[in-house]
Amino acid sequence: MIPISDLMQVNHPGYRAFCIGGDMDEVYHPVFFDYCLNVCDTFSKYAHQHYNKTLITENSLMGIVHALKALEQTDEPEEVFPLREGIRGSCYQFLVHCEDMAAKFKQPSTIKEFYENLGKLVLTVACEYAGVEH
């Protein structure tokens, strides 16, 4: 049996940011994205342990994190616009990844909703920070 609290990483400090949702302050962004990485790593760990499946590493979340950091370093339009589009694209890729993780669970419905909400929250937080429509 896989502990839901471990899948949801409730002991990680970023879980609080997840619970705050779209109203989280920017100060929570680093811990929130670290939390998201841990959630994905934990899912992969259990998939490998229980189903002997090695999942393809999902890189869209790292793409979001790197692009957000790069966006902090520049205000040059020729750099900002491609970064913003990259963030938007990576957010939608991550959303699909979260939907794939959610689809692996029939019960309890809370874990399925958790993964779906995680993807939506990453989309909201990253796009709002980057100043792009989603």
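Nothing fancy with the numbering, it's 1 onward along the sequence. Note that the coordinates shown come from a computational prediction; the quantities given were computed from them, not determined experimentally.
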Any side-chain heavy atom of Met24 sitting closer than 4.5 Å to one from Leu121? yes
Would you call Arg88 and Glu133 a side-chain contact if the rule is heavy atoms closer than 4.5 Å? yes
State, to 0.1 Å, how close Pro108 and Ile4 come at their nearest heavy-atom pair, and which atoms those are. CG-CD1, 3.1 Å
Find out if a path of hydrophobic residues (ILVMFWY) with successive side-chain heavy-atom gaps under 4.5 Å connects Tyr92 to Leu61. no
Decide whether Leu68 and Ile20 are clustered together by the hydrophobic rule: side chain heavy atoms of Ile, Leu, Val, Met, Phe, Trp, Tyr closer than 4.5 Å, transitively. yes
Classify the ring geometry of Phe33 against His29: parallel below 30°, tilted from 30° to 60°, perpendicular beyond 60°. perpendicular
Find out if a path of hydrophobic residues (ILVMFWY) with successive side-chain heavy-atom gaps under 4.5 Å connects Phe43 to Tyr35. yes
Measure the shortest side-chain to side-chain distance between Gln73 and Lys69 over non-hydrogen atoms and say whether it is less than 4.5 angstrom. no
Using the ring-ring contact (aromatic ring centres under 6.0 Å, His included) criterion, which residues pair with Phe114? Sequence neighbours excluded. Phe18
Taking the side chain as everything from C-beta on, heavy atoms only, tell me whether Cys40 gets closer than 4.5 Å to Phe94. yes
Within the structure provided, determine whether Ile87 and Tyr129 are in side-chain contact (heavy-atom separation under 4.5 Å). no
Are side-chain heavy atoms of Val39 and Leu118 found at a separation under 4.5 Å? yes
Would you list the pairs meeting side chain to side chain donor-acceptor pair (under 3.5 Å) in which at least one residue belongs to residues 5-19, sequence neighbours left out? Asp6-Gln9, Asp6-Tyr46, Gln9-Thr42, His12-Asp34, His12-Asn38, Arg16-Tyr28
Gap between atom CD of Glu79 and atom OG1 of Thr74 - 0.5 Å precision: 3.5 Å
Using side-chain contact (heavy atoms from CB on, under 4.5 Å), reason through Tyr115 and His97 one step at a time and then give a plain yes or no. CA-CA 9 Å; Tyr115 287 117; His97 180 65; over 6 Å; no
What distance do Lys112 atom NZ and Lys106 atom NZ have between them, rounded to the nearest 0.5 Å? 6.5 Å
How many angstroms lie between atom OG of Ser90 and atom CG of Leu95, to the nearest 0.5 angstrom? 12.5 Å
Establish whether Val132 and Leu83 are linked, either directly or via other cluster members, by ILVMFWY side-chain heavy-atom contacts under 4.5 Å. no
To the nearest 0.5 Å, tell me how far Thr124 OG1 sits from His134 NE2. 4.5 Å
Can you name the nearest heavy-atom pair linking Glu128 to Gly22, along with the distance? OE1-O, 4.3 Å
Any link between Val122 and Val10 through a network of hydrophobic side chains (Ile, Leu, Val, Met, Phe, Trp, Tyr) touching at under 4.5 Å? yes
Find the distance between CD (Glu99) and NZ (Lys120) and round it off to the nearest 0.5 Å. 8.0 Å
